[in-house]
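These notes are about the structure you will find just below.
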Amino acid sequence: MARFGSALLSRLGALSLVALACAQAVPAFAEEAPVAAPAPKAPSLIVAISIDQFSADLFAEYRNHYTGGLARLLKGAVFPAGFQSHAATETCPGHSTLLTGVHPARTGIIANTWIDLSLKRADKKVYCVEDESNPDSTPNKPVVSTAHLKVPTLGEWAKKQWPASRNVAVSAKDRAVAMMGGHQIDAGFWYVGDAFTSFAGRSLPADVTDENKRIRALLDKGAPAMAIPSWCVARNQAVQAGAVTVGTGRFVLGDKEDKRKLGDQLRYSPRMDAATLELAASLLTSMKLGKGQAPDILSVSLSANDYVGHAYGTEGLEMCIQQQQLDQKLGEFFAKLDASGVDYAVVLSADHGGVDTPERLRLQGVPEAARGEAALNGEGLGRAIAAELGISGSFAACNPGPDVAGNIICSDGLSGDYWISPDLSAEARAKVAARLVEKLKAHVQVEAVFTKAEIAAVPYPVGHPQDWTLLQRARASFDPQRSGDVYSVLKRAIVPVTTPRANATTITTHGSVWDYDRRVPMLFWRKGMTGFEQPQPVETVDIAPTLAALIGLKVPQGAFDGRCLDLDAGPADTCR
């Protein structure tokens, strides 16, 4: 029997596979044994929601205040200790796990951006969803492509089994759409500048053009400060982070003191989620999702939580208002789903967690919190090591600019992967790697350093992700073709963002190996299900096999790293 059962049987509500197997294999003397109850009909629509930068800590902090959509999901199957198990806890890798069921080591998405020093263009950075072979593409203005994703998504598996199945994805971020939808997306839209757009060569349907008109009207009109919920009043306290003051913002749209463009003012506010959900609901109606002959997949990634977390931190008034608005807008979205009459199931999780700005962390009992030092940047380390080893010559520059001589070491920040120039001899590369490891390990802000060979030698990690070593976490993010030569881990509460300047959009971030970035909630809901809460550790790679079982999707053995989670609180088993 196939692992997840027959799609036909599950969708027609026939006997479960266990009952069928018994009917075929049980001897005659057992014919009076009780017959298993018919399996419930599979949902006709899967709604997969990702809340960007929605840590388990944030969920725990605010769950008692939810009254809308998140309150509804709390009545379903609640797994508060989900894990993005890998080390590189960024948006693209995290989203790549949600509907593929495998870790970034298999998806190939090791980071939002990595470095390929063999590229012919001046900028050696590669954005995770760009087609860098296109001369018009740059990491900052990519020609969006799903080519870097090495495995299928749930929507692709569904289309293979049921060609009539639709696979739709919506987000403010192109990388969320590409990673949740995959290579075969019937409709995929994301926000650029001040409007939603799609893949090159695709025309925008009326749903998108109408939503863009609504956005344009809102931007032209502006919007006043958002109201402060009573339970957010205590968080209305100013904190100075470099040249930026945070903790009292209320998302005025059209604020002349905010030097960002209007489209970005909307992006860095709860209004971004509202527009995304509005578009998703419109597509639900126009495409008649969930009303066809095969199950459809609607992926919705809500990005405002991440933008707010980066720009204002995770513990201030801004995030409190964001949580209230997120909950209410999700409630309105679910009400529209209810009104459609579609039998749908929801899963909600996140691509990664996050950590607050170090200035506020220090005020709240974390004295070791600090900003990463610029000396950890790969290019600076490369220049110092080249001088120490007497290395000279012209090397491929990490980025376009005045440094025409190039660098022998490149990085995309103050931690994570470091790439050593392939222009060096093997002997020189080994010396540079050894010196780089030595310098990183000696730095007071560095917790651990691993070489490419050390990571590659570690068996693929299994077992409870909360118990994984730092090296195992790095292994789950490792791709031998894309990962760097050395991997560095910053100490807990060291934020790899140097002093923020005025109007900064990033004063804190995520991406670490620590559980504040790895732990995320996983919530499953369907009308009529008996809810429960299970605090044991699970993984985001468990989502895809769980949903596959729910809709009767057949997937080859070994296609998933994760396992199916039984969503029935009683003796029945949704994984059968």
Side-chain angles (χ1 to χ4, degrees), residues 1-25 35-49 76-77 98-102 151-168 180-182 184 186 287-299 337 340-349 522 524-530 538 540-576:
M1 291 292 180
R3 180 181 179 186
F4 300 118
S6 166
L8 179 61
L9 288 177
S10 65
R11 291 187 62 77
L12 295 179
L15 294 176
S16 70
L17 287 178
V18 173
L20 181 59
C22 290
Q24 294 173 338
V35 178
K41 181 181 178 182
S44 57
L45 176 65
I46 294 294
V47 181
I49 301 174
L98 294 175
L99 293 182
T100 65
V102 301
V151 292
T153 63
L154 186 74
E156 293 181 83
W157 285 119
K159 289 180 76 67
K160 183 177 181 180
Q161 182 164 321
W162 305 292
S165 176
R166 273 85 56 79
N167 183 19
V168 179
M180 294 186 78
Q184 298 179 20
D186 293 283
M287 298 183 69
K288 299 181 180 180
L289 297 177
K291 295 186 176 182
Q293 298 301 309
D296 295 324
I297 313 295
L298 173 61
S299 302
L337 279 164
S340 73
V342 170
D343 180 6
Y344 67 97
V346 179
V347 60
L348 183 146
S349 191
M522 287 167 46
F524 297 84
W525 181 92
R526 188 183 182 191
K527 185 178 180 180
M529 74 182 294
T530 301
V538 293
T540 56
V541 295
D542 297 335
I543 292 173
T546 301
L547 297 179
L550 199 62
I551 60 175
L553 178 64
K554 299 177 181 178
V555 177
Q557 187 73 24
F560 298 134
D561 288 341
R563 62 186 175 91
C564 179
L565 303 174
D566 179 12
L567 302 182
D568 188 280
D573 187 349
T574 59
C575 292
R576 294 185 183 273

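Quantities reported herein were computed from a predicted structural model and do not represent experimental measurements.
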Looking at [atom1] of [X] and [atom2] of [Y], how far apart are the two atoms once the value is rounded to the nearest 0.5 Å?
X: D542; Y: L547; atom1: CG; atom2: CG; answer: 11.0 Å
X: I543; Y: L348; atom1: CD1; atom2: CG; answer: 9.0 Å
X: L553; Y: S165; atom1: CG; atom2: OG; answer: 9.0 Å
X: L550; Y: C564; atom1: CG; atom2: SG; answer: 8.5 Å
X: W162; Y: I551; atom1: CH2; atom2: CD1; answer: 4.5 Å
X: L98; Y: I49; atom1: CG; atom2: CD1; answer: 12.0 Å

Next item on the list: Mind running side-chain contact (heavy atoms from CB on, under 4.5 Å) on V538 and R563 for me, showing each step along the way?
Entry: CA-CA 9 Å; V538 293; R563 62 186 175 91; 3.8 Å; yes
Check: Less than 4.0 Å between a side-chain N and a carboxylate O, is that true for R526 and D343?
Finding: yes
Margin query: If you apply the rule side-chain contact (heavy atoms from CB on, under 4.5 Å), what do you find for L298 with Y344, and how did you get there?
Written below: CA-CA 10 Å; L298 173 61; Y344 67 97; over 6 Å; no
Whether [X] side chain and [Y] backbone form a donor-acceptor pair below 3.5 Å:
X: D566; Y: C575; answer: no
X: T153; Y: L99; answer: no
X: Q161; Y: K554; answer: yes
X: S299; Y: G181; answer: no
X: D296; Y: G290; answer: yes

Nearest heavy atoms of [X] and [Y], plus distance in Å:
X: M287; Y: R166; answer: O-NH1, 2.8 Å
X: I46; Y: P43; answer: CD1-CG, 4.1 Å
X: S44; Y: V342; answer: OG-CG1, 3.6 Å

Next item on the list: Starting from the C-alpha separation in whole Å, work towards a yes-or-no answer on side-chain contact (heavy atoms from CB on, under 4.5 Å) for T540 and M522.
Entry: CA-CA 7 Å; T540 56; M522 287 167 46; 4.3 Å; yes
Notebook entry, point to check: side-chain contact (heavy atoms from CB on, under 4.5 Å) between D186 and K159: does it pass, once the steps are laid out?
Noted result: CA-CA 10 Å; D186 293 283; K159 289 180 76 67; 2.9 Å; yes
Check: L45 versus L337: any side-chain heavy-atom pair under 4.5 Å?
Finding: yes
